[in-house]
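Comments concern the structure below.
Everything numeric here is computed off the predicted structure, so don't read it as measured data. Any value given below was found using the heavy atoms of this structure, including those in side chains, with hydrogens, waters and symmetry copies removed.
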Amino acid sequence: MRLSIRTWVKRVTITGSILAIALVSTGGIYEQAARSRAIKDFPAPGRLVDIGGRQIHLNCQGRGTPLVLLEAGADTSGSALWQPVQEQVARFTRVCSYDRAGIMWSDPAKGQRNSHAIAEDLHKVLRAANEQPPYILVGASMGGPYVMTFTKYYRKEVTGMVLVDASHPDQTARLAQATGEPASNPIPIAFRALAAVDWTGLPRLVLPAAKVPELPSQTAKAITAYQPTSLAAAFAEAAVFEDSLREAGTFRTLGHLPLAVLSRGKPWSAFSEAERAAGGLTREQFDRAEAAWASMQAEEAGWSSNSTHQVLTDSSHVMQLERPDAVIAAIRDIVGKAAHTDVIP
């Protein structure tokens, strides 16, 4: 007896659905096993501090005051990128790095992940861990607006600051004007889709392994292992990127607070052809964008009457990896200045 086309379509649809469910179920089992293996193979190097029903990873080393707090940029690597800096700073004072909610070893959080929420989390974890002020805040990239926002709300606890090629509150419009290119969506659709199905194991299969030659191989492997579970949190921050910049932009006066600004200055000629292509800019656009960035970095140095500004011509954006020595030297300088400065200038 022949089957009708409708019957065949129905059977194929049912079979396809069963296969899809089986694949998703298998992927889910694979992902849970991978997460358990990551916890076993790459345990948190610091403490998991409870801040009210969820835990934040805080990694502190060394002794002394003031306490240096390292705030990472907007990505999935969190505190791991600070390792070369933290190990050296721990030789002359106490220093802590941490992972924001949902990144690496920290539990995710509900609600918007804007700079105000991030500042509140950081304050809670420092108090819960009994890490006492005064603090020297070190912010790299988007970590810059985050530490400025923390200072806005907890000014009495901050005694110094280092901005490491930090984002500027007005950068989106000014860089777009410099390059003539409209601001792009910070979260490509494909990556948003991956973050939404992280429980299926798909991101773990398709995302490339982290390649960070400046870090120990075990640290790079940890970043790779936790990258799929960090995606959603990183994208939650990116979704309110402009809100966070606006919040930070309401506070640009640090008085006489000791401040060190480190800025990138690597010229076009120092990048490889592949790096230039990946940047997506022409030589003229690159030069205009870097000039606009340099202007914004100089403005950041002007936020304090007690600041220094160093441009590193041999470094691009992630200078805590490319020039950790310069970052360490800037922190040491601010630690020295803070020792002779009241907590409130």
Side-chain angles (χ1 to χ4, degrees), residues 44 46-60 67-82 86 95-129 131 133 135-158 160-172 186-187 195 226 229-252 254 300 303 318 320:
R47 302 168 54 190
L48 295 177
V49 181
D50 187 276
I51 59 168
R54 57 188 174 92
Q55 295 181 315
I56 295 293
H57 173 237
L58 180 70
N59 183 19
C60 298
L67 170 70
V68 173
L69 192 286
L70 306 172
E71 181 71 82
D75 61 28
T76 60
S77 304
S79 60
L81 295 188
W82 284 114
Q86 181 163 0
V95 55
C96 299
S97 60
Y98 83 111
D99 295 308
R100 295 189 294 272
I103 303 295
M104 296 296 284
W105 295 278
S106 292
D107 291 338
K110 296 179 180 179
Q112 286 196 345
R113 299 311 301 160
N114 55 31
S115 58
H116 190 189
I118 287 168
E120 287 183 330
D121 269 10
L122 177 55
H123 193 252
K124 287 178 182 178
V125 73
L126 290 171
R127 288 300 177 90
E131 297 292 344
Y135 308 126
I136 290 176
L137 305 180
V138 183
S141 190
M142 192 60 190
Y146 291 158
V147 299
M148 287 294 291
T149 302
F150 183 97
T151 306
K152 173 184 176 180
Y153 289 101
Y154 308 105
R155 176 65 186 85
K156 294 181 179 180
E157 301 180 12
V158 180
M161 186 180 295
V162 180
L163 297 177
V164 183
D165 211 42
S167 299
H168 186 281
D170 308 328
Q171 69 180 38
T172 303
I187 317 172
Y226 284 93
T229 55
S230 299
L231 279 177
F235 293 160
E237 290 184 21
V240 291
F241 180 78
E242 293 301 326
D243 289 342
S244 292
L245 289 179
R246 279 192 291 271
E247 172 73 37
T250 63
F251 181 74
R252 310 189 196 199
L254 296 171
E300 292 179 4
W303 292 345
V318 191
Q320 65 267 46

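The only member of R127, R54, R100 that meets salt bridge (charged side-chain N to carboxylate O under 4.0 Å, His left out) when paired with D121 is R54. For the side-chain contact (heavy atoms from CB on, under 4.5 Å) criterion with H57, the lone passing option out of D99, I103, D107 is D99.
A donor-acceptor pair under 3.5 Å is absent between the side-chain atoms of S79 and the main chain of S97, judged by distance alone. A donor-acceptor contact shorter than 3.5 Å links the side chain of R155 to the backbone of V158. The backbone N or O of N114 sits nowhere less than 3.5 Å from a side-chain atom of S244 that would complete a donor-acceptor pair. Counting only distance, with no hydrogens or angles, the side chain of Q86 and the backbone of N59 share a donor-acceptor pair below 3.5 Å. Between the side chain of H116 and the backbone N or O of T149, no donor-acceptor pair lies under 3.5 Å. Under a 3.5 Å cut-off, the side chain of S230 and the backbone N or O of M104 do form a donor-acceptor pair.
With a 4.5 Å cut-off on side-chain heavy atoms, Y154 and E120 count as touching. The closest side-chain heavy-atom distance from L126 to E157 is not below 4.5 Å.
Here L70 contributes atom CG and C60 contributes atom SG; the two are 9.5 Å apart, rounded to the nearest 0.5 Å. Taken from CG in L254 to OG1 in T151, the straight-line distance is 6.5 Å, to the nearest 0.5 Å. Atom CD1 of residue I51 and atom CG of residue L58 lie 10.5 Å apart, to the nearest 0.5 angstrom.
In this structure, A233 and A101 approach most closely via the heavy-atom pair CB-O, 3.3 Å. Across V49 and V125, no two heavy atoms sit closer than the pair CB-CG2, 3.6 Å. Residues P169 and R252 share a closest heavy-atom pair of CB-NH2, 3.7 Å.
By the 30° and 60° cut-offs, the orientation of the rings of F150 relative to H123 is tilted.
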Which is it for I56 and K124 under the side-chain contact (heavy atoms from CB on, under 4.5 Å) test, yes or no, and what are the steps along the way? CA-CA 10 Å; I56 295 293; K124 287 178 182 178; over 6 Å; no

Donor-acceptor pairs under 3.5 Å, side chain of residues 136-148 to any protein atom, not counting sequence neighbours: which ones?
from	atom 1	to	atom 2	distance (Å)
S141	OG	H317	NE2	2.8
Y146	OH	E237	OE1	3.1

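Residues passing the ring-ring contact (aromatic ring centres under 6.0 Å, His included) test with W82: none are found, sequence neighbours excluded.
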